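Structure, as structure tokens:
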Amino acid sequence: MIKKQIFSKKISIFLISGLFFCFLTFLHFTWMNFTNISKGVNAIQGKVDLRSIDTSHNFKVKLQKEWKFYPNLLLASENVQSVEQNKVYTNQPESWDQYFKNSEKAHYGSYRLKILKEHTSPQMYGITIPEGLAPYELYIDGQFIGGLGNLTTNLTQNAPIGRPITYFFTLDTNESEIIIQGVQTNPYEQGGFQREIILGDLHSMEQSTSFSIDTQMAVV
């Protein structure tokens with residue numbers, strides 16, 4: 001009798017554990033399917049043209065290919081008169097390590113991209129910065145939007161852990177500019193971004209963010 005009860009409990013534990021892992025697997029694949037963005041737009045020489053795309057709703061794209069990159073320059077912080085001679089075109093997403101000669105010191109630099117779009121009225125957008133660069137600062141049309149960590153502190157001791165973050169802002173012109181400036185403090189990791197930066201309208205980006213939070217809460 002006792003052996004049967006023990007066997008029955010083991011079976012119950014096995015079934016519950018199996019259902020639990022099936023649930024986690026289901027959440028994982030659901031999250032991957034929901035957050036997977038197959039559509040990307042290719043920047044050409046630091047510009048991406050969205051004028052043929054309806055950006056007012058159900059708009060969410062990867063900003064890939066030719067971003068301008070300025071090694072050893074923090075565009076929004078440094079008073080540099082002529083910076084274009086220092087730029088390279090980085091094929092995003094990719095490591096920025098190849099653009100630095102010194103492999104020992106902490107690398108820093110700035111990404112820059114101009115966005116062309118049809119403008120009818122001011123509209124809110126969201127942009128997701130992936131993990132890979134910490135600390136960093138995000139500027140849209142010269143305005144500080146947010147960032148991760150603080151570029152002015154002792155970077156090697158107080159650098160935050162990189163994680164994806166979505167920022168929201170308003171665009172009200174036909175041409176806008178994105179600047180992401182940051183520092184790579186960990187010499188054992190590749191610098192820059194190895195995943196695409198994502199841009200979308202307010203509703204689409206909020207929906208993705210809420211789904212990610214809800215999924216994490218469900219796992220907990």
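A quick note: this is a predicted structure, and the numbers were derived from the prediction, not measured.
Atom CG in Asp172 sits 12.0 Å away from atom CE in Met124 (nearest 0.5 Å). Remark: Ile145 CD1 to Ile180 CD1 distance equals 11.5 Å, nearest 0.5 Å. Separation of atoms CD (Glu118) and CG (Asp49) is listed at 8.5 Å; rounding is to 0.5 Å. Note that the CG atom of Asn150 and the OH atom of Tyr136 stand 13.5 Å from one another [nearest 0.5 Å]. Between the CG atom of Asp201 and the CG atom of Leu171 there is a distance of 11.5 Å, given to the nearest 0.5 Å. Here the NZ atom belonging to Lys62 is positioned 7.0 Å from the CD1 atom belonging to Ile198, to the nearest 0.5 angstrom.
Looking at every heavy atom in both residues, Gly192 comes nearest to Gln184 through N-OE1, 3.6 Å. The two atoms that bring Tyr167 and Leu148 nearest to each other are OH-N, 4.0 Å, heavy atoms only. In terms of heavy-atom proximity, Asn86 sits nearest to Pro71 at O-CD, 3.6 Å. Between Glu94 and Tyr111 the shortest heavy-atom distance is O-OH, 4.5 Å. Closest heavy-atom contact between Thr55 and Gln123: O-NE2, 2.9 Å. Here the closest heavy-atom approach between residue Leu113 and residue Ala43 is recorded as CD1-CB, 3.6 Å.
Looking at Lys68 and Tyr89, their side chains come closer than 4.5 Å, going by heavy atoms from C-beta outward. Considering only heavy atoms from C-beta on, Glu137 comes within 4.5 Å of Ser77 through its side chain. Taking the side chain as every heavy atom from C-beta outward, Leu199 and Phe59 approach each other to under 4.5 Å. Side-chain contact between Gln92 and Phe69: absent, with no pair of heavy atoms (C-beta onward) separated by less than 4.5 Å. By the 4.5 Å heavy-atom criterion applied to side chains, Leu50 and Leu116 are not counted as neighbours. A 4.5 Å side-chain heavy-atom check between Thr128 and Ile165 finds every atom pair outside the cut-off. Side-chain contact between His57 and Ser204 is absent, with no heavy atoms from C-beta onward closer than 4.5 Å.
Residues Thr173 and Glu175 have side chains that never bring a donor and an acceptor to within less than 3.5 angstrom of each other.
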>> Assess the residue pair Tyr125 and Met205 against the criterion (side-chain contact (heavy atoms from CB on, under 4.5 Å)); give the C-alpha distance rounded to whole Å, side-chain angles, the decisive distance to 0.1 Å, and a yes or no.
In response: CA-CA 8 Å; Tyr125 293 87; Met205 299 301 286; over 6 Å; no

>> Run Asn72 and Tyr108 through side-chain contact (heavy atoms from CB on, under 4.5 Å) and show every step you take.
In response: CA-CA 5 Å; Asn72 300 317; Tyr108 65 95; 4.1 Å; yes

>> Determine whether Thr90 and Trp96 satisfy the following criterion, side-chain contact (heavy atoms from CB on, under 4.5 Å), listing intermediate values before the conclusion.
In response: CA-CA 8 Å; Thr90 175; Trp96 74 13; 5.9 Å; no

> Going through the distances and angles, do Ile140 and Ile178 end up as a side-chain contact (heavy atoms from CB on, under 4.5 Å)?
Replying inline: CA-CA 5 Å; Ile140 306 291; Ile178 299 172; 3.7 Å; yes

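Checking side-chain atoms of Asp97 against main-chain N and O of Gln190 turns up no donor-acceptor pair under 3.5 Å. In terms of modelled atom types and a separation under 3.5 Å, the side chain of Ser110 and the main chain of Leu73 share a donor-acceptor contact. For the pair Gln181 (side chain) and Ala76 (backbone), a donor-acceptor distance under 3.5 Å is present. In this structure a side-chain-to-backbone donor-acceptor pair under 3.5 Å is present from Glu66 to Gln45.
Atom CD1 of Ile53 has more than 12 neighbouring heavy atoms from other residues, nucleotides or ligands inside a 6.0 Å radius. Heavy atoms from other residues, nucleotides or ligands lying under 6.0 Å from NZ of Lys87 number more than 12. Shown here is Lys65, whose NZ atom has no more than 12 heavy atoms of other residues, nucleotides or ligands within 6.0 Å.
Just one residue in the list Asn42, Asn91, Ile197, Val48 forms a side-chain contact (heavy atoms from CB on, under 4.5 Å) with Gln64, and that residue is Asn42.
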